[in-house]
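Each remark here refers to the structure printed beneath this line.
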There are 2 protein chains.
Amino acid sequence: MALTRKAPKAPPPRKARLSREVVLAAALELVDAEGVDALTMRRLGQELGRDPMSLYRYAASRAALLDGVTETVLDELTVFADDVDWQTQLRRMAHDLRLVALRHPNVVPLLVTRPLSTPLGLRPLAALRPLEQILDLLIEAGFAPADALHVYRAYYGFLYGHILNELQEFIVDPDENEAILRLGLHRLPAKEFPRLRALGPVLADYNGETELDQGLGILLSGLAAQLSGPHPKPVA
Amino acid sequence: MALTRKAPKAPPPRKARLSREVVLAAALELVDAEGVDALTMRRLGQELGRDPMSLYRYAASRAALLDGVTETVLDELTVFADDVDWQTQLRRMAHDLRLVALRHPNVVPLLVTRPLSTPLGLRPLAALRPLEQILDLLIEAGFAPADALHVYRAYYGFLYGHILNELQEFIVDPDENEAILRLGLHRLPAKEFPRLRALGPVLADYNGETELDQGLGILLSGLAAQLSGPHPKPVA
DNA sequence: GCGTAAAGTCTACAGCGTAGAGAAGGTGCC
DNA sequence: GGCACCTTCTCTACGCTGTAGACTTTACGC
C-alpha cells in the first residue's frame, strides 16, 4: 500500500496526476518535434496516456494551449540584472532570445503571431515581462520614459525581424544546406534574378549571431546618439 | 440566346468561369474580412457559388491557397525605379510595405510565417522579387555585393519587425483604443509593471509611420557608415 | 465510512481538407 | 448536325479535427 501512494514527481509512463506544467511541457515537446499542426488535442492526449478531454482542465481551448506553449518558451529566457552597460545588456537579451528561437524554431510562428490577436495589455504576463524589464533598464540608464519606449520598439522590432530572417535562411543542416540552397537558386530565372543567383555562395555561409550583433550595434548606437540619450557614463 | 452567351468580365453573382485570380481575390477578401481561420475551402466555395472541390483546380491545397493569398498581397507593392538616393528609395519601399500590411492586417501572419516553411530559393517569385530589386539597388549604389546582402538583411529584418510591432499595438480604432488599452494596462499588477503602466498615455498616441522612418534612418545611416558604403555622392 | 469536489472519461456533433469517380459544359472536326 | 474530347465543376465519402455535456472514477477531509 505504501508503495502505491503517489510517486512524488517522477515521470511514470502512464498514470501520474496531470498538471498544467506537465501538459504544456508535453505540448512543447510535440511542437518541437513535429510542428504546430501536430499539436492536436487527441494527439497530445495520446502522448500523455489520457483522454483528450482531460486536457481541457488545464487549457481552455486549443488556442489557449498554444498560448501556453509560447509562454513556456518565453520562460526559458534567463534574466540577468547586473549593472553592466545598457547596450550590452540589451545585446545579451537579444542573443538569449535568438538562442531560444533556434532551440524551438517551430514555436517562432506562434511567438510572432499569437500576440497579434491579443491587445497589448491582455497578454500573458510572461510576454510583457521583457518589455517592462527593458523599459526599466533604459529609464534606469537615463532615458526619458518616452524615449525608452522608442528604443524598445526599434530594438524589439529589429530583434524579431532578425529572428524571422535567420530562420528563413537555413532550415537544414549546413552540410546539405549549400546544395539545397543552390538548387533553389538555380531554379530562378537567370534574367530576372541575376543578383540573387550570384550571391549563392555568400548566402551559404551565414552567421546569424554576428549578423544580429552588428545590426544591433548600429541600431543602438544610433538610438543613443539621436535621442538625448542616457547621461553617458564613460567607462571610468 | 445571345444574352446567355458569356458575360465578359463583370462579376455576376453566380456563374462566371472561375480563374486563379478570381479565386485568390475572393480568398483575400475573406481573409481581410474575417481572418485566416475563416478561409476554409467550403466557405470560399460558398462565397463563389461553387462546390468547394472546384477550388482545387486553382490551388493544389489549402496551404497553397494561403500562399497564393500572400502572393496576391505582395503584388500590391508598387515598384518605383527612379534614380533617387538609395536610402530614400528603401524608405519608400518600407512605407509601401507598411501600408500594404495595414491594409491587410490579417494577412500579415501569413506574410511572416509562410516563408518559414519554404527554403529561400523555392519561394514564390513575388516574394523574392523585392529581395532581388533591393540587392540590385544597393549594388548599383556602390555597395559590394556581400555588403548589400548585409544591408538588406538588417533592413528587411527591421522592417518586418516594425510591422509586427505596429500591428500589435493597435487593433481597434483610435477612439476606443485608449480606453481599451488602459483597461488592459490596468489589469497589470502595479508592483510588477510600474513602467508599463506609467507609459499608458504615451502608448496611446503611437505614430507608426514616423516610428518606422526614424528607425530606418538610424539603421541605414549606420549601415552606410560602417560598411565601406557607396561612394557618397553629395547632394551637389 | 462517507460526502463532496476534483479529475478523468465517454459519447456525440458539426465542421474540416481532400481523394476519387462521375456529370456538365465548351470547342473543334467531320 | 453529330461526335469526340478535354476542361471544369459536382457528388459522395473518409478520416480527422475541436469541443459541449453527461457520466464515472478518484482523492481527500471529517
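Reminder, nothing fancy here: chain letters follow the sequence lines and each chain counts from 1.
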Interatomic distance, [X] [atom1] vs [N] [atom2] [rounded to whole Å]:
X: A:L55; N: D:dT17; atom1: CG; atom2: C1'; answer: 14 Å
X: A:D51; N: C:dC10; atom1: CG; atom2: P; answer: 6 Å
X: B:R50; N: C:dG25; atom1: CZ; atom2: C1'; answer: 12 Å
X: A:R20; N: C:dA7; atom1: CZ; atom2: P; answer: 14 Å
X: A:Y58; N: C:dG8; atom1: OH; atom2: C1'; answer: 8 Å
X: A:Q46; N: C:dG8; atom1: CD; atom2: P; answer: 18 Å

Side chain to side chain donor-acceptor pair (under 3.5 Å) involving [X] - partner list, sequence neighbours excluded:
X: B:E132; value: none
X: B:T78; value: B:D96
X: A:R103; value: A:E76

- [ ] Could you tell me which residues satisfy ring pair (Phe, Tyr, Trp, His ring centres under 6.0 Å) with A:Y152, sequence neighbours excluded, listed by chain and number?
- [x] A:Y156
Residues in side chain to side chain contact (heavy atoms under 4.5 Å, CB included) with [X], at least two apart?
X: A:R92; answer: A:F80, A:D82, A:V84, A:Q89
X: A:A63; answer: A:S61, A:R114
X: A:A27; answer: A:L39, A:L44, A:L65, A:V69
X: A:D75; answer: A:A126

- [ ] Please answer whether the main-chain N or O of A:G68 pairs with a side-chain N or O of A:T72 as donor and acceptor at a distance below 3.5 Å.
- [x] yes
Task: Backbone of B:Y58 reached by a side-chain donor or acceptor of B:R20 within 3.5 Å - done: yes
Open item on the list: Contact list please: residues 105-112 of chain B against DNA chain C, heavy atoms, distance less than 4.0 Å, in numerical order.
Closed with: none
Please write out the pairs of protein N or O atoms and N or O atoms of nucleotides 14-18 of chain C separated by less than 3.5 Å, giving the distance to one decimal.
{"residue": "C:dC16", "atom": "OP1", "partner": "B:T40", "partner atom": "OG1", "Å": "3.3"}
{"residue": "C:dG17", "atom": "OP1", "partner": "B:M41", "partner atom": "N", "Å": "3.4"}
{"residue": "C:dG17", "atom": "OP1", "partner": "B:R62", "partner atom": "NE", "Å": "3.2"}
{"residue": "C:dG17", "atom": "OP2", "partner": "B:M41", "partner atom": "N", "Å": "3.0"}
{"residue": "C:dG17", "atom": "N7", "partner": "B:R42", "partner atom": "NH1", "Å": "2.4"}
{"residue": "C:dG17", "atom": "O6", "partner": "B:R42", "partner atom": "NH2", "Å": "3.0"}
{"residue": "C:dT18", "atom": "OP2", "partner": "B:Y56", "partner atom": "OH", "Å": "2.8"}
{"residue": "C:dT18", "atom": "OP2", "partner": "B:R62", "partner atom": "N", "Å": "2.8"}
{"residue": "C:dT18", "atom": "O5'", "partner": "B:Y56", "partner atom": "OH", "Å": "3.3"}

Open item on the list: Whether B:S54 contacts D:dT8 is assessed here as follows: a side-chain N or O lying under 4.0 Å from the phosphate OP1 or OP2. Is that the case?
Closed with: no
Could you write out each protein N or O paired with an N or O of nucleotides 22-26 of chain D at a distance under 3.5 Å?
none

Task: Pairs touching residues 27-38 of chain B that satisfy side-chain hydrogen bond (donor to acceptor under 3.5 Å, both in side chains), sequence neighbours left out - done: B:D32-B:H104, B:E34-B:R43
